[in-house]
Asker: 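Okay, handing you the structure first.
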Amino acid sequence: MNWSVIRYLGGSVLALIMMSGCTNSDQYNKTPTVETKRPVLIIKPVEHKKANKVIYGKASFYANMFQGRKTANGQIFDQGKLTAAHLTLPFGTKVKVTNVSNNKSVIVTVNDRGPYIRGRMIDLSRSAFKAIGNTRSGVLNVKMEILK
């Protein structure tokens with residue numbers, strides 16, 4: 001090898017070592033961020049301080065495909081239990097749901113988030129829905145009273 005090539009390579013390596021000491025180490029400690037093109041919907045529970053608050057709306061029931069899956073609070077969903085999904089009520093809230101057409105009512109516990117269909121206020125388990133109406137109807141007009 002020619003001495004001029006060795007000097008050139010040696011000088012280049014030395015220059016690289018010197019320049020690496022001039023960099024700011026903070027740029028390597030930053031967490032990488034990922035920009036998404038779709039907006040993300042974050043739903044925060046709202047404290048409903050008034051007990052016995054009455055809300056009118058539409059209720060539907062869960063499809064069978066959710067049986068055995070985890071709910072938003074971590075419990076395993078069971079169609080046989082008296083549970084419900086609501087977008088903003090805190091988990092564990094007891095709600096009395098009354099069918100306005102026949103005045104049948106059931107008390108359910110909120111353990112999931114939903115429904116995500118516009119115009120619906122609460123999703124009931126199949127057994128809770130059966131207690132107040134016929135599952136063939138699919139959607140009921142209901143009165144909801146927040147108990148606790």
Side-chain angles (χ1 to χ4, degrees), residues 9-148:
L9 289 176
S12 299
V13 170
L14 184 61
L16 285 173
I17 292 171
M18 290 175 55
M19 288 191 321
S20 68
C22 297
T23 62
N24 186 353
S25 63
D26 289 342
Q27 67 184 346
Y28 299 108
N29 294 333
K30 291 183 181 177
T31 305
T33 58
V34 177
E35 292 185 29
T36 58
K37 293 182 180 179
R38 295 186 306 179
V40 177
L41 176 66
I42 299 174
I43 301 171
K44 296 181 181 177
V46 176
E47 286 293 325
H48 293 276
K49 295 179 181 171
K50 283 186 176 179
N52 297 330
K53 182 178 178 182
V54 177
I55 305 168
Y56 289 89
K58 293 191 181 291
S60 54
F61 65 95
Y62 281 89
N64 285 331
M65 66 184 266
F66 295 106
Q67 176 68 24
R69 293 187 184 184
K70 277 190 177 181
T71 60
N73 75 345
Q75 294 177 348
I76 301 298
F77 177 68
D78 183 3
Q79 291 278 19
K81 292 185 179 177
L82 300 177
T83 59
H86 192 273
L87 285 174
T88 58
L89 288 174
F91 295 135
T93 302
K94 302 281 186 187
V95 181
K96 182 178 180 182
V97 182
T98 305
N99 183 345
V100 295
S101 63
N102 64 10
N103 276 338
K104 289 185 180 180
S105 62
V106 65
I107 296 176
V108 296
T109 305
V110 175
N111 72 341
D112 203 2
R113 293 289 170 231
Y116 296 104
I117 297 174
R118 184 174 293 175
R120 301 206 186 153
M121 297 298 293
I122 194 165
D123 257 343
L124 302 172
S125 63
R126 183 176 285 274
S127 61
F129 195 91
K130 270 186 187 178
I132 61 171
N134 190 342
T135 55
R136 281 188 261 164
S137 62
V139 179
L140 296 173
N141 290 317
V142 295
K143 174 177 78 169
M144 298 181 296
E145 296 174 72
I146 300 166
L147 302 177
K148 170 183 113 162

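Only this structure's heavy atoms are used, side chains among them; waters, hydrogens and symmetry mates stay out.
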Asker: Which residues satisfy the side-chain contact (heavy atoms from CB on, under 4.5 Å) test with N102, sequence neighbours excluded?
Answerer: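 Applying side-chain contact (heavy atoms from CB on, under 4.5 Å) to N102 gives N99, K104.
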Asker: Yes or no on side-chain contact (heavy atoms from CB on, under 4.5 Å) for I55 and K143, after CA distance, side-chain angles and deciding distance?
Answerer: CA-CA 6 Å; I55 305 168; K143 174 177 78 169; over 6 Å; no
Asker: Could you tell me which non-hydrogen atom of Q79 sits nearest to which non-hydrogen atom of R126, and how far apart they are?
Answerer: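 Of all heavy-atom pairs spanning Q79 and R126, the closest is OE1-N, 2.8 Å.
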Asker: What heavy-atom pair brings A85 and I122 nearest, and what distance separates the two atoms?
Answerer: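 Minimum heavy-atom contact is O-CG1, 3.3 Å.
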Asker: Could you report the tightest heavy-atom contact between A128 and V106, atom names first, then the distance?
Answerer: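 So the minimum-distance heavy-atom pair works out to O-CG1, 3.8 Å.
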Asker: Not counting sequence neighbours, which residues clear side-chain contact (heavy atoms from CB on, under 4.5 Å) with T109? List them please.
Answerer: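 side-chain contact (heavy atoms from CB on, under 4.5 Å) check on T109 returns K94.
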Asker: What residues form a side chain to side chain donor-acceptor pair (under 3.5 Å) with T98, not counting sequence neighbours?
Answerer: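 T98 satisfies side chain to side chain donor-acceptor pair (under 3.5 Å) with no other residue.
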Asker: Once you round to the nearest 0.5 Å, how far does OH of Y116 lie from CG of D123?
Answerer: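 These two atoms lie 9.5 Å from each other.
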Asker: For N134, check side chain to side chain donor-acceptor pair (under 3.5 Å) against everything at least two apart and list the hits.
Answerer: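 In terms of side chain to side chain donor-acceptor pair (under 3.5 Å), with neighbours along the sequence ignored, N134 is linked to no residue.
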Asker: Identify the heavy atoms of L82 and S127 that sit nearest to each other, and give their distance.
Answerer: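 Reported closest heavy-atom pair: CD2-OG, 3.8 Å.
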Asker: List for me each residue that meets side-chain contact (heavy atoms from CB on, under 4.5 Å) alongside R118, sequence neighbours excluded, and say none if there are none.
Answerer: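 With neighbours one apart ignored, the set is empty.
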Asker: Evaluate the criterion side-chain contact (heavy atoms from CB on, under 4.5 Å) for residue pair M144 and V54; output intermediate values, then yes/no.
Answerer: CA-CA 6 Å; M144 298 181 296; V54 177; over 6 Å; no
Asker: Are the side chains of P90 and V110 in contact, using a 4.5 Å heavy-atom criterion?
Answerer: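 The answer is no; the side chains never approach within 4.5 Å.
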Asker: CG of N103 to CD1 of I132: how many Å apart, nearest 0.5 Å?
Answerer: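 These two atoms lie 11.0 Å from each other.
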Asker: Any heavy-atom pair between the side chains of K70 and I76 that's under 4.5 Å?
Answerer: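 In contact.
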Asker: For the residue pair S125 and K81, establish whether any side-chain heavy-atom pair is separated by less than 4.5 Å.
Answerer: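 No, their side chains stay 4.5 Å or more apart.
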Asker: Side-chain contact test, heavy atoms from C-beta onward, threshold under 4.5 Å: evaluate it for D112 versus Y62 and give yes or no.
Answerer: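 Yes, at least one pair of side-chain atoms sits under 4.5 Å.
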Asker: Report the distance from atom NE2 of H86 to atom CD1 of I146, rounding to the nearest 0.5 Å.
Answerer: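 Nearest 0.5 Å value for the NE2-CD1 distance: 7.0 Å.
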Asker: For K58, give me all partners under side chain to side chain donor-acceptor pair (under 3.5 Å), at least two apart in sequence or on another chain.
Answerer: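 Applying side chain to side chain donor-acceptor pair (under 3.5 Å) to K58 gives N141.
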Asker: Donor-acceptor pair, distance only, cut-off 3.5 Å: does the side chain of T83 make one with the backbone of N111?
Answerer: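 No; zero donor-acceptor contacts below 3.5 Å.
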Asker: Return the set of residues passing side-chain contact (heavy atoms from CB on, under 4.5 Å) with F129 (not counting sequence neighbours), or none when no residue passes.
Answerer: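 For F129, the residues satisfying side-chain contact (heavy atoms from CB on, under 4.5 Å) (neighbours in sequence not counted) are F61, L124, T135, S137, L140.
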